[in-house]
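For reference, the structure is listed below as structure tokens.
Naming convention: chains lettered A, B, ... in sequence-line order (proteins, then strands); numbering from 1 in each chain.
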Amino acid sequence: MKLVTAIIKPFQLDVVKDALKTAGITGVTVMEVRGFGRQGGHTETYRGAEYRIDYVPKIELSVVVDDDTVDAVVDAIVNAARTGKIGDGKIWVTTIDRVVRIRTGEEGVDAI
Amino acid sequence: MKLVTAIIKPFQLDVVKDALKTAGITGVTVMEVRGFGRQGGHTETYRGAEYRIDYVPKIELSVVVDDDTVDAVVDAIVNAARTGKIGDGKIWVTTIDRVVRIRTGEEGVDAI
Amino acid sequence: MKLVTAIIKPFQLDVVKDALKTAGITGVTVMEVRGFGRQGGHTETYRGAEYRIDYVPKIELSVVVDDDTVDAVVDAIVNAARTGKIGDGKIWVTTIDRVVRIRTGEEGVDAI
Amino acid sequence: MRKRALRLTLAAVAGLGTVALFPNIANAQDADPVTVLGQQLNLLWVVIGAILVIFMQAGFALVETGFCRAKHAAHVVSTNFAIFGLGFIAFFLVGFPLAFGGFSTSLIGLDAPVGEPLLGSGNWVFLFQGGWALSTGTITPALLGFFLYMVAFMDTVATIPTGSMAERWKWGSFVVWGLFCGGIYYPLFAAWTWGGGWLAKTWDSMSLGAGYVDFAGSGVVHAVGGAAALAGAIVIGARIGKFDKDGTPRAIPGHHIPMAMLGTFILLFGWFGFNAASTFAATDVQFATVATNTAIAGAFGAIVAMLWITKRSGKPDPGMMANGMLGGLVAITAPCAFVAPWAAAVIGCIAGVLVIESVFFVERKLKLDDPVGAISVHGVCGTFGVIAVGIFSNGSYGAGWNGAPTEGIEGVIKGDWGQLGAQVLGVVVIWTVLFGVAFAFFKGQDAISKAMGKGGIRSTPDDETVGLDYPEMGVEAYPEFVKH
Amino acid sequence: MRKRALRLTLAAVAGLGTVALFPNIANAQDADPVTVLGQQLNLLWVVIGAILVIFMQAGFALVETGFCRAKHAAHVVSTNFAIFGLGFIAFFLVGFPLAFGGFSTSLIGLDAPVGEPLLGSGNWVFLFQGGWALSTGTITPALLGFFLYMVAFMDTVATIPTGSMAERWKWGSFVVWGLFCGGIYYPLFAAWTWGGGWLAKTWDSMSLGAGYVDFAGSGVVHAVGGAAALAGAIVIGARIGKFDKDGTPRAIPGHHIPMAMLGTFILLFGWFGFNAASTFAATDVQFATVATNTAIAGAFGAIVAMLWITKRSGKPDPGMMANGMLGGLVAITAPCAFVAPWAAAVIGCIAGVLVIESVFFVERKLKLDDPVGAISVHGVCGTFGVIAVGIFSNGSYGAGWNGAPTEGIEGVIKGDWGQLGAQVLGVVVIWTVLFGVAFAFFKGQDAISKAMGKGGIRSTPDDETVGLDYPEMGVEAYPEFVKH
Amino acid sequence: MRKRALRLTLAAVAGLGTVALFPNIANAQDADPVTVLGQQLNLLWVVIGAILVIFMQAGFALVETGFCRAKHAAHVVSTNFAIFGLGFIAFFLVGFPLAFGGFSTSLIGLDAPVGEPLLGSGNWVFLFQGGWALSTGTITPALLGFFLYMVAFMDTVATIPTGSMAERWKWGSFVVWGLFCGGIYYPLFAAWTWGGGWLAKTWDSMSLGAGYVDFAGSGVVHAVGGAAALAGAIVIGARIGKFDKDGTPRAIPGHHIPMAMLGTFILLFGWFGFNAASTFAATDVQFATVATNTAIAGAFGAIVAMLWITKRSGKPDPGMMANGMLGGLVAITAPCAFVAPWAAAVIGCIAGVLVIESVFFVERKLKLDDPVGAISVHGVCGTFGVIAVGIFSNGSYGAGWNGAPTEGIEGVIKGDWGQLGAQVLGVVVIWTVLFGVAFAFFKGQDAISKAMGKGGIRSTPDDETVGLDYPEMGVEAYPEFVKH
Ligand SMILES: Nc1ncnc2c1ncn2[C@@H]1O[C@H](COP(=O)(O)OP(=O)(O)O)[C@@H](O)[C@H]1O
Ligand SMILES: Nc1ncnc2c1ncn2[C@@H]1O[C@H](COP(=O)(O)OP(=O)(O)O)[C@@H](O)[C@H]1O
Ligand SMILES: Nc1ncnc2c1ncn2[C@@H]1O[C@H](COP(=O)(O)OP(=O)(O)O)[C@@H](O)[C@H]1O
């Protein structure tokens, strides 16, 4: 089993969600994050003093999938989240030892 | 060392925290997340236009534990978080290569 | 490739970011979390009734790095985030199977 | 003073309607121009007062919403918003006539009286009639101005239970309360006192002082509202998680302190209209004394509460500071015209302590859940205010009150115990009869709703747990802010 | 009544300036002291009214900001803040003279008139002049008090489009609108009606009732503002994501319901100054009737809207409740002095339904995006209010209105159709001429901006997507709150 | 005008107390009914003014809280809430007598005077006495109305330093300031000027114009408060992180822009009571001129500040727009009754630039940390307002001011330099004596606290870092919102 983590632009969330659905993924966990990267931020002035917003609001998705759908999922996210502009984000995949569905106690693939 | 990640219902947090304490776990990191899954959301109307809240507020817990307490921890969470209703959430376990306690620089089990 | 996850004190964020920059790290993802641990919380009274704030606000950083910079990154974070007081936080490292930059589709080290 | 005030007003506005409606006639029945101008000024003061009191609805909305949780905020603020119209409509149709119908006769001072007693007579009138929907009888600008002032007071009563029942009250059940309060609940006690009913006549029927005296409504408005708040809190029960299994109260902090503080300031602002305009006349300069006494009691209430809660729990809890000011304002509302500034200060101090101790009592002893302290602020301090009239009144004001042959209202400090008797009687009536009516209403409504399979006046545990905003209102108060 | 009111005021304040400026003279030209005192009281009422109306700006700011999204909140609240000064300055310099210059002649009642017609004459005056920057001619306290009241009304108009164009309006473009509205747009229709221009004279020129009658501005202020809001919404286009490809409207919930509710309460509060002080005289006790009718329409509007939206979409949408109250208030603004309380209730009920249905119509049929419902609340209900004068006026008030030889304004319910004619004409002028002027302004400004390579009056898609706060204002409304 | 105003009022209310207390007597000593009615109207205007000024406390609370950070919000809003009661109590007990005790003699106009000079005599009175706790001497409604108005002004002063010292002020230390300001600090300068003390007599003692002239308090209230704000900011030091090691100021954006904007609107609203009711008489129609000049200066201040900050830093910073309006309002407060509308516009424009430049100066040159700009808005613009009286007064108003044998206040534009001298003297006294007193107070309090091992008036770095809400108040302002 794998955990696919993706950092995307907030306004791509809906598209990505749809893409995942078409890829047969029913479950996703999402959180608001702040991203620091190439995209950089912007400088503003408040009461005449400059200050820098050095982060960009991003969304992080966590998707648990079984090994043979990982690539499909990654591709789905890449295609849906890509705008081609800097700051589109990253995806990384890690291995999961065990998954449990709390409600039923099911484990493994059945738990997803 | 393992990282146990659990997605639970917000109102189960206190119970789960207590369960973890009894399981001897002293440290946990918690964050607010939005869950998309079977539980689905709900449809409302605002100024006459329908809109769908397709997520459910959830809590994500991260717990770093040493290998031989993993199962105890997972069981503790499952039992505490279970309401039996759809949307109870998931737990997944991943392997950790290294853990450090920032304050002391301790590594491994001592760092937890 | 590795994923370095660090829980730090909110007011150390700027220092840690600078430390990472000097360590050559350009990208970081940050999120607000609640930490439960040794540091404990505090008890207050509201309208005469006691209540306990049992968590401490923390910041979680996720940094994807290639294998041979992991240690440098961990050390950089430890040194920057350490105040010596309880609650400084933890760092853990997990292995990543795959990394993709959404914008370009680049994989592996190039994607970081 | 009510009666006197009204007679004045009425005198003050005799033929005003006419003035407006048939200028020529007005000139015809040449009233002394200075008197007429004074009457016009007095009517203006009443209308300005009404405007200020109506604005208090915003204050209640903010205080109650700020002291509740974010997940219920749209629901709580909406009940406070809708109550204005719900109570208003019922009061407009039937409540006003029931409470003041008979009164308006003299108020208008024209040949065609609007109304007369509906139930009872002489010293024992219980309800009035006339001027239904402001459409029967002669409706003059003066009567309309008086109505506006009175409807604003009624709405204050109606909104008090939205505080003690917050976060768990079904919208549908709440709506019925709003109509009931404006149409029947408030008019009852109003008719018996300000309307000139039996409690206003106890000076004659029972030779108690000048009868029930309540300048601006510590009792008629606040204690009556507090009694309903108590009844509602009992019937609806505590919020999930408010008490441990062993009954220890748990703190449920409000979600927006600045909002609650702003609400308190708005209430202070509106309170000047509530109390000072209750002279019904700018030609009665006592309005200045009233305004100042009001401010004094509010200031002392806030600071004493701050000191007291610090003593009791270590820190100057903002919520208790706010409650302290409101407690002081509620307490001075009945005696504001009859007491000296030093007495206003004393009343404010007592209220500041009283409000805190009663919050503790309600929560720890009665095991009741009152999210915003409505029972303590309005019920307890309102009751104290009514009693205070019988204690601190110095006899310098209130000649002919309720038509009683008195030179001025005198309390215990002047060695007169009769007035205190009249006040105590009023208080007893509020906490027995009015509380009973409110309790019966909520209990009955709950029973009927359950009988109809609607599950009672309380929202479902699920709705309460996720927050009433989506299930009841269809929108969240803050859909974009991430919440713990 | 405007004219009459003004004549009164003027009579009322004849030589007041003098009183203030050269006391001795005042004593010299011994005016009857009672009359003078009445005039002073009337001026005070006008100033208090102005203060209340100015405070309404805060209400608009909160309603519009609360119903918009957090990422635009600093921008939306700032437009509502800056509009006060922008419109004010333009009105001070040229707008006031253009609208009332000629009028002020009679208002001041001194030998040296401030102004006279600038364009047209007799029954066909289109613009006035005099008193530029309140610096030419004789400037008395009375004139200044009148100016303050009028500038507050103008600012209400100016702020209406900030609602329908919210979340996508470039700051620079908005600034120009503020100046244009205060300097030219509002003064046009104001001159034709309250200024005493051609629409006020249709009783003479076309023998239509008493000419265009609009007590406090359902048309002059609200419909005129609503017409601009419609024009602006058309020109600037819908927000990104407001409509699906297939044109189905998507809901974009407001980010702060309690804020919007507080704004609505503040508007209700200020509305009493808006309507009741439009008697321009406390000596005209009709102000009490006006205040009460205003409250009645607002209360019924809110509750009927609550019931209607519940019927239409299942839940008591707080936003629609608020719009319902505002719709009722807007609708009663023109007829408030001429109708009976029961009629005010009917008008409020109709407005409560009208505002909801028109929101649906604007969004579903016209496919326009009006984030806060400004077009429906001000444009539609304002239009209805103007018409309502021609229907529900009962003839008891308004003798000599617009100088017409009438005993009182009479609507269809009194069998008179002439007044309705005058009202319909006014409405037609608003939705053709005024709408045309506003549309031309926005279209032209957009074209010029594009021609200059500035990209038009609408902000870039990027700015709109991330939110206008940072790009336009340099600060976020809530930099510390985590947002979805 | 103060003195004249008071004499008027007093004349105006002579025997009013009586009227209220023993109607018959009143009739007995038959004062001319028109005069009496005018006096009653004037007292009503003063009380309405007081109500408006008291509401300004809510405005200050919102502006200061909105411009601070979320983690301190409950603390900041609570200081602004508690200051009302703290200052009030001290002023009620001793401050009012010290400032106006002697004055009330003439104000009441009865045989039994309330007070007389306590320190000094003739042209050189420094403090007054009498009417302690409003309990000694003859206390009439008129005196109480005057007290209410004055206590509201005092509270404005008391709340100004809560802005410049926000986010780092220990609750306990703050409480002492509140009492000190109401009991001693404010009364000092008030006694010397409005109280009729030595600065009001410089026309006689130093033949400077009509003595110190400050219609509604640019100096007496705002500059005096600003001096304390400066002293406090110096003594308490900058917030952690406000300046880089090299002293470059860092921006610390406010957490809630809409809140600050609402606060600004509330201040604008209350300011009309602050300035216009300072005529102390509705029979002095100059109140209309004052109200309009106030609005003009506020409007120009806001817009000029918007343009200036855009020029200086590229975008229309909402905080600076708000400060600009407040700067204009503060600056016009002293001259509002003496200048023409065009001058009010000029004064507003200058204030709009002044407030921004002084914010830069305070932060960049003085290296002081004033989170909300209190020093610039109140201190700098208040000082400018006092000077403006000596420049722009056109002689049309103010006959007999301070009892001086003048036809009207005349500034430099009328070729008279004497008035400017009186104003400059006042300004010098504020920035030397009053600033010194405030500085000594804060320094001394800090030293004592440290000596007592309490660590001084500033909160600990830890508390400041995590936010003062929990450590000081025990509650967070927004416990449920997730914050960055
Ligand atoms: N090494 C990294 N570790 C964790 N998150 C990263 C890393 N690099 C980038 N990110 C995340 O991805 C987002 C986008 O990356 P960025 O460098 O801005 O542009 P791009 O996605 O085009 O490479 C960043 O805002 C950050 O949240
Ligand atoms: N494949 C998945 N990857 C990540 N998170 C998931 C996944 N499936 C479900 N979740 C999380 O678990 C929560 C509960 O899952 P859901 O399918 O709603 O009910 P159940 O827990 O009963 O299976 C979801 O809201 C989501 O946050
Ligand atoms: N076992 C754990 N799993 C996950 N997070 C942990 C764990 N232990 C501690 N943490 C996180 O680290 C933070 C600091 O830990 P704490 O025990 O308070 O002090 P210290 O960092 O000095 O050990 C906690 O607030 C929590 O967020």
Pairs of heavy atoms under 4.5 Å with chain F: top-ranked of Met325(D), His256(D), Met259(D): His256(D)
When Pro318(D), Ala260(D), Gly273(D) are compared by non-hydrogen pairs under 4.5 Å with chain F, the top option: Pro318(D)
Under 4.5 Å from any heavy atom of chain D - which part of Asn80(F): backbone
Gly85(F) versus Ala299(D), closest heavy-atom pair with distance: CA-CB, 3.9 Å
Minimum heavy-atom distance between Phe55(D) and Phe55(F), given as atom pair plus value: CE2-CZ, 4.1 Å
Between Thr289(D), Val290(D), Thr310(D), the one whose heavy-atom pairs under 4.5 Å with chain F are most numerous: Thr289(D)
Part of Ala61(F) lying under 4.5 Å from any heavy atom of chain D: side chain
Spatial distance of atom CE (Met321(D)) from atom CZ (Phe84(F)) [nearest 0.5 Å]: 14.5 Å
Atom pair NE2 (His484(D)) and NZ (Lys483(F)), whose distance is rounded to the nearest 0.5 Å: 5.0 Å
Nearest heavy-atom neighbours spanning Pro141(F) and Ala288(D): O-CB, 3.3 Å
Flag side-chain contact, heavy atom, 4.5 Å: Val175(F) against Ile303(D): no
Nearest-0.5 Å distance, OG1 of residue Thr140(F) to CD of residue Gln286(D): 10.0 Å
Region of Ile54(F) that comes under 4.5 Å of a non-hydrogen atom in chain D: side chain
4.5 Å side-chain heavy-atom contact, Ile48(F) and Trp45(D): yes
Toward chain D, the part of Leu62(F) with a non-hydrogen atom under 4.5 Å: side chain
Any Pro316(D) side-chain heavy atom under 4.5 Å of Trp171(F) side chain: yes
Gln40(F) side chain vs Ala282(D) backbone, donor-acceptor pair below 3.5 Å: no
Residue among Phe287(D), Phe272(D), Trp342(D), Trp271(D) with most heavy-atom pairs under 4.5 Å to chain F: Phe287(D)
Side chain, backbone, both or neither of Ser313(D) within contact of chain F (heavy atoms, under 4.5 Å): neither
Close side-chain approach of Pro258(D) to Tyr478(F), heavy-atom, < 4.5 Å: yes
Structural part of Phe481(D) lying under 4.5 Å from a heavy atom of chain F: side chain
Student check: side-chain heavy atoms of Lys315(D) and Glu472(F) closer than 4.5 Å: no
Interface residue of largest heavy-atom contact number with chain D, from Val77(F), Ile51(F), Val47(F), under 4.5 Å: Ile51(F)
OG1-CE distance between Thr65(F) and Met261(D), expressed to the nearest 0.5 angstrom: 9.5 Å
Among the listed options Gly66(D), Ala70(D), Pro33(D), the residue most often paired with chain F at heavy-atom distances under 4.5 Å: Ala70(D)
side-chain contact (heavy atoms from CB on, under 4.5 Å) assessment of Ile296(D) paired with Phe88(F): CA-CA 8 Å; Ile296(D) 291 171; Phe88(F) 193 112; 3.6 Å; yes
Pairwise distance CG(Leu43(F)) to OG1(Thr283(D)) - rounded to 0.5 angstrom: 11.5 Å
Separation of Ser396(D) OG from Ile139(F) CD1 (nearest 0.5 Å): 12.0 Å
Shortest non-hydrogen contact from Val34(D) toward Leu37(F): O-CD2, 3.8 Å
Backbone N/O of Leu148(F) and side chain of Thr292(D): donor-acceptor pair under 3.5 Å: no
Phe91(F) versus chain D, the contacting section by heavy-atom distance below 4.5 Å: neither
